[in-house]
There are 4 protein chains.
Amino acid sequence: MAAPRRVGAESSSTRTQILEATEQVMVEEGYAAASTRRVAARAGLKPSLVHYYFPTTDDLLIAVYRRSAEWASGELAKALADPQPLKALWSYTMHTTRTALMLEFMAMATHRKALQAAMAEHAGETHRLQLEVIEQALGDRARDIPADVLATLIAGIGRALVMESGLGISTGHIRAREWFEGWLDGLTAKS
Amino acid sequence: MAAPRRVGAESSSTRTQILEATEQVMVEEGYAAASTRRVAARAGLKPSLVHYYFPTTDDLLIAVYRRSAEWASGELAKALADPQPLKALWSYTMHTTRTALMLEFMAMATHRKALQAAMAEHAGETHRLQLEVIEQALGDRARDIPADVLATLIAGIGRALVMESGLGISTGHIRAREWFEGWLDGLTAKS
Amino acid sequence: MAAPRRVGAESSSTRTQILEATEQVMVEEGYAAASTRRVAARAGLKPSLVHYYFPTTDDLLIAVYRRSAEWASGELAKALADPQPLKALWSYTMHTTRTALMLEFMAMATHRKALQAAMAEHAGETHRLQLEVIEQALGDRARDIPADVLATLIAGIGRALVMESGLGISTGHIRAREWFEGWLDGLTAKS
Amino acid sequence: MAAPRRVGAESSSTRTQILEATEQVMVEEGYAAASTRRVAARAGLKPSLVHYYFPTTDDLLIAVYRRSAEWASGELAKALADPQPLKALWSYTMHTTRTALMLEFMAMATHRKALQAAMAEHAGETHRLQLEVIEQALGDRARDIPADVLATLIAGIGRALVMESGLGISTGHIRAREWFEGWLDGLTAKS
DNA sequence: GATGAATGAGAATTCATTCAT
DNA sequence: AATGAATGAATTCTCATTCAT
């Protein structure tokens, strides 16, 4: 009794190939390059096959986003179980290809309504998980900074570092990263 | 370092119209929408005229970037002369349309070599000015945080706030902004 | 005169479903919309299943045509047995969805050789039946108008009325219909 | 001082070429064949050029329709001035390619909203002109049949004859035509 | 009986760019 | 300074059809 199939079953390896190729193209060439043709070329498939699995480009992009969002939820769950949750959260934030991918999705959301909707769906969950991780990390030392503020700082600075390194900008990059990591350490170390 | 091709005079009002239309399209519809056709439509001009002023799309985008970079330099110079340089720098960073435009340029740079080069040219100057502003602001109180680190933090958090508000995300947005502004105030207030 | 390829049995209910879905699509969206995909979607079936029953699109269209032609023959036979054959013939002609379907087939025949052949096959029989009905109706009063001429008039005016009402044109529509019906009555009433 | 130009000026011979090629394709291969590619091929032009003159397919089809509608108005005006207005109207109705083209437009209107709107615009004018011609023809002999009814009969029977001859159906065709023409003659001859 | 996978062709657009005027 | 004409490339999507299971 095989798993129920819809067009392009989750289990299909071709489907996965397409999703991975799309991620690569988006990260390396920018979201505007994520066309059927280029994705197909990157995956070594015919363009029509991409449309067979993902009738519209929105379908494809949403599938890529969802896959990434699921991965993110998994990583955040791991961070929650980590003995050093804040360090784990930070290292998750600095996962360059994932963050680069998310930056592309954010840039794309401006003009892709369907994608924006899909992103809104997940944003809440991700945010909740991040807060949990932070609260878990700060425990009763959460005097100096509220959890939601810290979440924004971590995301913002993480994204800035990833973005700048992607652009080849390195001025003060390493120092900024080290300083912020030190500051984060200080937060949990405070007696 | 070839001079940018320029057919129309800098002073031409048509030229300015085109540049402004491009900025609008980029901010409202994303960089991928900044085609000569759409820019022309937005400016109420014929597509050929856009090409008359800016032979290639790269020429157009670079001109838009330069214009924005010059504006940025001016603003930073003003911040330097401001009695409260850090506040001025922050308010410049939070200038939403400018920052949104810069985010588009950053996203675009991935696949536009010529643009990336133009951006590298200016990045140094902008960074230098930012550092000057910060050093001016901190004066001899620059113990807690190095100027270049602070520059990265301000840029990163500012961009994150602009980006998220552009996406309609508001969770903890205002609180994060207020907290960070308080923290910035603290930096200069420290005796 | 090869037999039409038929994989699914005539009696199959799935087959009937497909034929009915095709008719609906043709009448509502025009013959150009009668693709296997859309037909399948309308019938709530997979596209491959449509091809299982009707290997080629021509096979499908011909089957739909034949089904409609058989229905027409049946209706004409009933008209022949009707106490008022001319009235019955007219009301058959004004059966809007059937006539609309026939109009689509006529429009389609231009560029579908196989269909044109199938239509030619039936046209003779239908015409003969119509003539019989008309002769039966006129009896020995067939002085004023030859049967074949009347057949053309009825078909032409009937189709015009159906077509125009389909286009939402109503100028003089009801008056024309009433006038023509009165004229038809006059034909049989003449002593 | 050249005539004011818009994209693809009316005067352009290329534009006319495209319009004529479209008419030909529509009449010979049916409306569904009126694609950019085929029209271009028929006109001996590149497909892109068709899009240069007619950005969308609707634009093209509407232009073809308007051209035909203008021609129709001209013909009807001529019929009005003709010593035998009814004969002129009938011969206009039996202009096979024009009527075949109109039949294609009617078939197409089902699923082309923009076209339907354009057709509605002209339908009123054409109808009015037809009525004028008929009234002019009947004069004070308009006892037997109202003008709008006659208009519908003429259009319906004319279209039926054109359609059937297009399909190669000839049963009773010539006799029907002669009979109807005789009947029309009778209308105006009545003392 | 039924269906998932795959593919090549064609369709409608959009676009950057060149050229002649 | 401006613009109409033309074109080749790329993109998204739809379709009929074949094949293996």
Side-chain angles (χ1 to χ4, degrees), chain A residues 2 5-9 11-15 32-41 45-60, chain B residues 7-9 12-15 32-41 45-60, chain C residues 7-9 12-15 32-41 45-60, chain D residues 2 5-9 11-15 32-41 45-60:
Chain A
R5 294 221 240 175
R6 26 186 187 111
V7 170
S11 58
S12 157
S13 84
T14 307
R15 205 185 124 101
S35 71
T36 325
R37 283 191 167 201
R38 269 198 254 197
V39 164
L45 302 168
K46 318 278 167 131
S48 335
L49 194 51
V50 175
H51 275 109
Y52 172 68
Y53 282 91
F54 305 98
T56 72
T57 304
D58 274 346
D59 292 335
L60 171 60
Chain B
V7 180
S12 158
S13 85
T14 306
R15 207 185 119 97
S35 69
T36 40
R37 290 183 151 212
R38 266 197 252 197
V39 165
L45 302 169
K46 319 274 164 138
S48 330
L49 193 52
V50 175
H51 274 103
Y52 173 70
Y53 281 91
F54 306 98
T56 72
T57 305
D58 274 345
D59 292 334
L60 170 60
Chain C
V7 180
S12 157
S13 84
T14 306
R15 206 185 122 96
S35 69
T36 40
R37 289 183 153 214
R38 266 197 253 198
V39 165
L45 303 169
K46 321 276 164 137
S48 329
L49 193 52
V50 175
H51 274 102
Y52 173 71
Y53 280 92
F54 305 98
T56 73
T57 305
D58 274 345
D59 292 334
L60 170 61
Chain D
R5 292 222 240 174
R6 26 187 186 110
V7 170
S11 58
S12 157
S13 83
T14 307
R15 204 186 124 101
S35 70
T36 326
R37 286 187 167 203
R38 269 197 255 197
V39 165
L45 302 168
K46 317 278 167 131
S48 335
L49 194 51
V50 175
H51 276 109
Y52 172 69
Y53 283 91
F54 305 98
T56 72
T57 304
D58 274 346
D59 292 336
L60 171 60

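Letters go in sequence order (proteins before strands), and every chain restarts at 1. Computed from a prediction, not measured in an experiment: that's the story for all the values here.
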Please tabulate the protein-to-nucleotide N/O contacts below 3.5 Å involving nucleotides 13-15 of chain F, giving atom names and distances.
{"from": "F:dC13", "atom 1": "OP2", "to": "A:Thr57", "atom 2": "N", "distance (Å)": "2.8"}
{"from": "F:dC13", "atom 1": "OP2", "to": "A:Thr57", "atom 2": "OG1", "distance (Å)": "2.9"}
{"from": "F:dC15", "atom 1": "OP1", "to": "C:Arg38", "atom 2": "NE", "distance (Å)": "3.2"}
{"from": "F:dC15", "atom 1": "OP1", "to": "C:Arg38", "atom 2": "NH2", "distance (Å)": "3.0"}

Rounded interatomic separation in angstrom, taking [atom1] from [X] and [atom2] from [N]:
| X | N | atom1 | atom2 | answer |
| --- | --- | --- | --- | --- |
| C:Tyr53 | E:dA2 | OH | C1' | 8 Å |
| D:Leu60 | E:dA11 | CG | P | 14 Å |
| B:Leu45 | F:dT3 | CG | P | 8 Å |

Task: Interatomic spacing from OH in C:Tyr52 to CG in C:Leu45 - rounded to 0.5 Å - done: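 Interatomic distance, C:Tyr52 OH to C:Leu45 CG, rounded to 0.5 Å: 13.5 Å.
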
Open item on the list: Working to the nearest 0.5 angstrom, can you tell me the gap between C:Arg15 CZ and C:Leu60 CG?
Closed with: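 Between atom CZ of C:Arg15 and atom CG of C:Leu60 there are 9.0 Å.
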
Open item on the list: Pairing check on F:dT21: which nucleotide meets the Watson-Crick or G-U wobble criteria with it, both distances under 3.5 Å?
Closed with: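 Base partner found: E:dA2.
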
For [X] and [Y], work out which heavy atoms get closest and say how close.
| X | Y | value |
| --- | --- | --- |
| D:Ala33 | D:Arg38 | O-CB, 3.6 Å |
| C:Val50 | C:Ala40 | CG2-CB, 3.7 Å |
| C:Pro55 | C:His51 | O-CD2, 2.9 Å |

Open item on the list: With a 4.5 Å cut-off on side-chain heavy atoms, are B:Val39 and B:Thr36 touching?
Closed with: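 Side-chain contact under 4.5 Å: no.
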
Task: Polar side-chain contact D:Tyr52-F:dA6 base: donor and acceptor under 3.5 Å - done: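 No such pair is found, so the answer is no.
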
TODO: Return the 5'-most residue of the pair B:Leu49, C:Ala34 with respect to DNA chain F, ranking by each residue's nearest nucleotide.
DONE: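 Whichever sits nearer the 5' end wins; that is B:Leu49.
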
- [ ] Select one nucleotide: of E:dA6, F:dT3, F:dG8, the one nearest the side-chain heavy atoms of D:Lys46.
- [x]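 Minimum distance to the D:Lys46 side chain belongs to F:dG8.
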
